[in-house]
Amino acid sequence: QTKAQISGYSQGKVFRPTYQQVCTGLTGHAEVVKIVYDPEVISLARILELYLRIIDPTLVNQQGNDIGPQYRTGIYYTDESDRELIVETLKKEQEKHNKPLVVEVEKLHNFFIAEDYHQDYLVKNPRGYCHVDMSLLEDA
């Protein structure tokens, strides 16, 4: 798939899990978005900056009203050379918070594309629920 962002599930132990399986919290998967980007157009540092604007990196197994291990925060990389920048970015981010950050940093494994109805969800469902406050990106 050549899309810039792909909704899916990763880091779990079930082969090709369904949304219903992931929602049980028993598969070990996190709900994720795989981002394919051109570093000539946008840097990983910029992507991380924007990501950290729209999540609460101190919440365990939760973002917004979504609760469960599938909603844990994580940065799952495919290129080992990105790990150092990710770790350093999170160290700097920690200085802004009184609670410890709980963002997983791991190599991406067991990524499976989510069902079609999850792809471009807000385009298909303009009034659908999303915990992200997009106004946080307006001055970005």
Side-chain angles (χ1 to χ4, degrees):
Q1 197 163 4
T2 58
K3 290 182 56 159
Q5 69 279 338
I6 304 160
S7 297
Y9 316 113
S10 74
Q11 310 311 102
K13 58 186 182 251
V14 173
F15 184 74
R16 290 194 187 144
T18 64
Y19 177 67
Q20 288 73 22
Q21 288 174 309
V22 172
C23 283
T24 67
L26 301 175
T27 68
H29 286 85
E31 290 190 26
V32 299
V33 175
K34 183 176 183 180
I35 299 172
V36 179
Y37 67 98
D38 179 348
E40 298 290 320
V41 175
I42 188 168
S43 68
L44 176 57
R46 180 72 169 143
I47 292 170
L48 293 170
E49 173 193 338
L50 296 172
Y51 174 66
L52 291 167
R53 278 184 180 211
I54 61 170
I55 66 159
D56 182 339
T58 67
L59 290 177
V60 176
N61 295 336
Q62 179 181 357
Q63 285 300 309
N65 294 326
D66 297 320
I67 299 172
Q70 70 273 27
Y71 299 113
R72 65 190 182 271
T73 56
I75 301 170
Y76 309 114
Y77 56 89
T78 57
D79 187 334
E80 188 66 38
S81 66
D82 291 336
R83 188 178 195 293
E84 185 177 342
L85 174 62
I86 295 164
V87 170
E88 287 303 312
T89 299
L90 291 174
K91 281 182 185 174
K92 289 178 188 165
E93 182 70 19
Q94 179 62 71
E95 295 171 8
K96 302 175 187 175
H97 299 274
N98 294 327
K99 298 190 296 187
L101 301 190
V102 293
V103 179
E104 288 184 339
V105 177
E106 298 177 355
K107 190 156 183 90
L108 179 74
H109 68 275
N110 293 341
F111 174 79
F112 298 100
I113 297 173
E115 297 84 352
D116 284 343
Y117 68 93
H118 287 291
Q119 306 306 321
D120 301 312
Y121 176 79
L122 291 176
V123 172
K124 295 174 185 173
N125 303 279
R127 294 193 180 129
Y129 169 74
C130 178
H131 76 275
V132 175
D133 178 355
M134 296 305 270
S135 69
L136 296 172
L137 300 175
E138 287 177 5
D139 66 343

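Bear in mind the structure is a predicted one, so any value in this text is a computation, not a measurement. Count residues from 1 along the sequence.
- Taking a 6.0 Å sphere around CD of Glu84, one finds it holds 12 or fewer heavy atoms contributed by other residues, nucleotides or ligands.
- Using a 4.5 Å heavy-atom threshold, the side chains of Leu90 and Leu52 count as touching.
- With hydrogens and angles ignored, the 3.5 Å screen pairs no side-chain donor or acceptor of Gln119 with any backbone N or O of Ile6.
- Qualifying side-chain hydrogen bond (donor to acceptor under 3.5 Å, both in side chains) partners for Asp120, counting only residues two or more places apart in sequence or in other chains: Lys3.
- The distance from atom CD of Glu88 to atom CZ of Arg83, rounded to the nearest 0.5 Å, is 10.5 Å.
- Here the closest heavy-atom approach between residue Asn61 and residue Pro69 is recorded as OD1-CA, 3.4 Å.
- Note that CD of Gln94 and NE2 of His97 are 7.0 Å apart. Values are rounded to the nearest 0.5 Å.
- The backbone N or O of Pro57 sits nowhere less than 3.5 Å from a side-chain atom of Gln63 that would complete a donor-acceptor pair.
- Val36 and Phe112 fall into different hydrophobic clusters, where Ile, Leu, Val, Met, Phe, Trp and Tyr side chains are chained together by heavy-atom contacts under 4.5 Å.
- Val105 and Tyr51 fall within a single hydrophobic cluster, where Ile, Leu, Val, Met, Phe, Trp and Tyr side chains are chained together by heavy-atom contacts under 4.5 Å.
- Listed by first then second residue, pairs satisfying side chain to side chain donor-acceptor pair (under 3.5 Å) with a partner in residues 100-111 read Gln11-Glu106, Gln11-His109, Arg72-Glu104, Tyr76-Glu104, not counting sequence neighbours.
- Hydrophobic cluster of Leu59: no remaining members, since no ILVMFWY side chain lies below 4.5 Å from it.
- Atoms CG and OG1, on Leu44 and Thr89 in that order, are 7.0 Å from each other to the nearest 0.5 Å.
- Rounding to the nearest 0.5 Å places CD1 of Ile113 at 12.5 Å from OG of Ser10.
- Within the structure, no pair that satisfies the salt bridge (charged side-chain N to carboxylate O under 4.0 Å, His left out) test touches residues 12-36, not counting sequence neighbours.
- Judged as a side chain to side chain contact (heavy atoms under 4.5 Å, CB included), and not counting sequence neighbours, the contacts of Asp38 are Glu40, Val41.
- Ring geometry for His118 against Tyr9 counts as perpendicular: the plane angle is over 60°, on a 0 to 90° scale with 30° as the lower cut.
- With hydrophobic clusters built from ILVMFWY side chains whose heavy atoms lie under 4.5 angstrom apart, Leu50 shares a cluster with Leu48.
- Partners of Asn65 by side chain to side chain contact (heavy atoms under 4.5 Å, CB included), not counting sequence neighbours, listed by chain and number: Tyr129.
- When every heavy atom of Asp116 is checked against every heavy atom of Lys124, the shortest pair comes out as O-NZ, 2.5 Å.
- Listed by chain and residue number, Asp56 satisfy the side-chain hydrogen bond (donor to acceptor under 3.5 Å, both in side chains) test with Thr58 (two or more places apart in sequence, or in another chain).
- The hydrophobic cluster containing Ile55 does not contain Tyr71, counting ILVMFWY residues as joined when their side-chain heavy atoms lie under 4.5 angstrom apart, directly or transitively.
- Residues passing the ring pair (Phe, Tyr, Trp, His ring centres under 6.0 Å) test with Phe111: none are found, sequence neighbours excluded.
- Grouping the Ile, Leu, Val, Met, Phe, Trp and Tyr side chains by contacts below 4.5 angstrom, directly or via other members, places Val87 with Val103.
- To the nearest 0.5 Å, the span separating NZ on Lys96 from CG on Leu101 amounts to 10.0 Å.
- Qualifying salt bridge (charged side-chain N to carboxylate O under 4.0 Å, His left out) partners for Lys92, counting only residues two or more places apart in sequence or in other chains: none.
- Nearest heavy atom pair, residue Val33 against residue Gln5, reads CG1-CB, 3.7 Å.
- For Ser43, the side chain to side chain contact (heavy atoms under 4.5 Å, CB included) partners are Ala45, Arg46, not counting sequence neighbours.
- Partners of Glu115 by salt bridge (charged side-chain N to carboxylate O under 4.0 Å, His left out), not counting sequence neighbours: none found.
- For Ile47, the side chain to side chain contact (heavy atoms under 4.5 Å, CB included) partners at least two apart in sequence or on another chain are Ile35, Tyr37, Ile42.
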